[in-house]
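The chains referred to below are lettered A, B, ... by the order of the sequence lines, with proteins before strands, and numbering in each begins at 1.
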Protein chains: 2
Amino acid sequence: MPLSDQYRVAPGTRVNLADWKTDDAEGVDRSEAEKRLSENILAMTHLQHTLYAERKQSLLVVLQAMDAGGKDSTIRHVFGPLNPQGVRVESFGRPTPDELARDFLWRIHQHTPRKGHVQVFNRSHYEDVLIVRVNGLVDRSVWSERYAIINEFERTLSQAGTTIVKIFLHLSKQTQRDKLAERLEQPHKRWKFEPEDFSSRAKWDEYMEAYGDALGRCSTSYAPWHIVPTDRKWNRLLIVSEIVRAALERMDPQFPEPAVDHDEAVRLLDQIP
Amino acid sequence: MPLSDQYRVAPGTRVNLADWKTDDAEGVDRSEAEKRLSENILAMTHLQHTLYAERKQSLLVVLQAMDAGGKDSTIRHVFGPLNPQGVRVESFGRPTPDELARDFLWRIHQHTPRKGHVQVFNRSHYEDVLIVRVNGLVDRSVWSERYAIINEFERTLSQAGTTIVKIFLHLSKQTQRDKLAERLEQPHKRWKFEPEDFSSRAKWDEYMEAYGDALGRCSTSYAPWHIVPTDRKWNRLLIVSEIVRAALERMDPQFPEPAVDHDEAVRLLDQIP
């Protein structure tokens, strides 16, 4: 099975995250992984260029993880090399009062990708069945209906030509501890530390349960979840790049027909002094 | 004078573009230029990271050029290597009916950068004193008042912590001809060719006059224009990177104080099992 498929959650799966690996290098060593990552990025760059030229479909990548799960690093290394003209990254943090005054998909819908673009969500509408559920910010009767709502929302995007790839970066609790401690040590990382990091860590088990439900109930044929082992950075970057590259290859973008006839265009060009 | 300042238009200058070079390598050869470009990009990457962490100020880069002037290539090479999480590119094409139903700054204002971000405008509100003027899409009495309106708009952004850098990629008419012909030849470039490219080429002199007025009247201390010779790609990329790097250095972003006391944070971290 290609690496890009090994971590996909089949629709209908009941997900218990304790059964999913957080560190799984599958016989690939670091230097091999870095070589394949470079190849994947090169291939993605060409595919993105064609997608941008084609302007008929779009790609949405949803990234979710516990704190220190490597979302920022993944964005930088996997999506950073693409042409910024066709890539958007939106981070969904604590909702503003204006956002809270609407339904939970209102702020999300404003950032779905236009045709030709790649959109990356750093956190997403899934927070509304994760942090919102764990902290009891809405009643169970409200969040429990959101899985079906999300599935229909994503189907709507899919029908409009958006390929959706959802990736959960699966981190062990021990690795999170080490990464948070590292954040506190290093001057150029310390600013990322927030007191809230503690409160979600303290509720680790509740989060794992909420993630398990979200990943299981919302992995669909048109918007599958992937559970990517993330304890080792080079392995995480390899797997994410394999998943994204495979998605772009399945989209199979094509350069459009030119808007003008070639010979006629050259003739016109040379008529202008 | 540093390279970043050599092409800046001093406030109050009357700009006649025939007096400004389209090809000026200033004693830098290609290999030296490419080396400096790499150094500039590395420096920009670090500065951007700090700017993002700081979240107190933002950078707006406005790119304007005639067709085939190298805007897309500049975006890819100079801004592509930055972290996409903190960079946005917005291309302003033909206004939609919804945009035409508002004032000309309405669509622009929606994309000004938030604190911590770098925003690149591929075309901009300047089109409203360029293509709109050349093609007579509004009366002279309307476009002629826009220079002052734009200056006050940009002052507003500047007062809110946005550093504004405006770059006109100055192309010779002959180089444009060669690049448009190349576009028609190459399958992976042909899609970019649009029939409108001819009509603006046919009005080259009117465009140069309109650009001259825009660059002269709207180069201010807080939002200067730069006229960058663009016939040679490697030289263009070097100069743009020098200008952007210098702007980021002047902004001098700083990592914020951490939100938590270090020792207290480590103690709390280790209290969580």
Side-chain angles (χ1 to χ4, degrees), chain A residues 45-46 49-50 52-55 71-72 75-77 79-91 118 120 122 173 176-177 180-181 183-185 187-199 201-204 255-260 262-263 265-266 268-273, chain B residues 45-46 49-50 52-55 71-72 75-77 79-91 118 120 122 173 176-177 180-181 183-185 187-199 201-204 255-260 262-263 265-266 268-273:
Chain A
T45 302
H46 290 302
H49 181 64
T50 316
Y52 187 80
E54 183 194 55
R55 281 182 202 259
K71 296 189 303 301
D72 293 344
I75 291 168
R76 188 152 52 87
H77 291 285
F79 299 97
L82 301 185
N83 186 342
Q85 192 142 232
V87 179
R88 297 283 170 112
V89 181
E90 188 65 29
S91 298
V118 175
V120 181
N122 182 346
K173 197 172 178 185
Q176 189 195 48
R177 192 246 162 245
L180 290 177
R183 234 177 229 188
L184 289 167
E185 292 304 325
H188 69 283
K189 292 192 173 174
R190 207 175 291 156
W191 63 274
K192 289 180 93 172
F193 197 94
E194 294 179 343
E196 296 81 50
D197 293 354
F198 291 127
S199 50
R201 181 169 170 78
K203 294 182 177 170
W204 186 273
F255 283 106
E257 291 299 309
V260 283
H262 173 262
D263 294 344
V266 172
L268 283 169
L269 183 61
D270 284 326
Q271 277 179 356
I272 300 168
Chain B
T45 302
H46 290 302
H49 181 64
T50 316
Y52 187 80
E54 182 193 57
R55 282 180 202 262
K71 296 190 303 299
D72 293 346
I75 290 170
R76 188 151 53 87
H77 291 285
F79 299 97
L82 301 185
N83 186 342
Q85 191 141 231
V87 179
R88 297 283 170 110
V89 181
E90 188 66 28
S91 299
V118 175
V120 181
N122 182 347
K173 197 173 178 185
Q176 188 195 49
R177 193 246 162 245
L180 290 178
R183 236 177 227 187
L184 289 168
E185 291 305 324
H188 68 281
K189 292 190 174 175
R190 208 174 291 155
W191 63 274
K192 290 180 92 174
F193 197 94
E194 295 179 343
E196 294 82 52
D197 292 356
F198 292 127
S199 49
R201 181 169 169 78
K203 295 182 178 170
W204 186 274
F255 283 107
E257 290 300 309
V260 283
H262 173 262
D263 295 344
V266 173
L268 284 169
L269 183 61
D270 285 325
Q271 276 179 357
I272 299 168

Do you know which of A:P81, A:P84, A:G86, A:A202 has the most heavy-atom pairs with chain B at a distance under 4.5 angstrom? A:P84
Can you tell me which portion of A:F255 sits under 4.5 Å from chain B's heavy atoms? Options are side chain, backbone, both or neither. side chain
Non-hydrogen atoms of chain A under 4.5 Å away: do they reach the side chain of B:R76, the backbone, both or neither? both
Looking at chain A, which one of B:G80, B:A181, B:A53 has the largest number of heavy-atom pairs inside 4.5 Å, strictly under? B:A53
Between B:Y52 and A:S91, the two heavy atoms sitting closest are OH-OG, 4.3 Å
Among the listed options B:K192, B:E54, B:E185, the residue most often paired with chain A at heavy-atom distances under 4.5 Å: B:E185
Tell me, for A:R88 versus chain B, whether the close heavy atoms (under 4.5 Å) come from the side chain, the backbone, both or neither. side chain
Selection from A:E257, A:H77, A:E90 maximising heavy-atom pairs under 4.5 Å formed with chain B: A:E90
Which atom of B:P256 lies closest to which atom of A:W191, heavy atoms considered: CG-CB, 3.6 Å
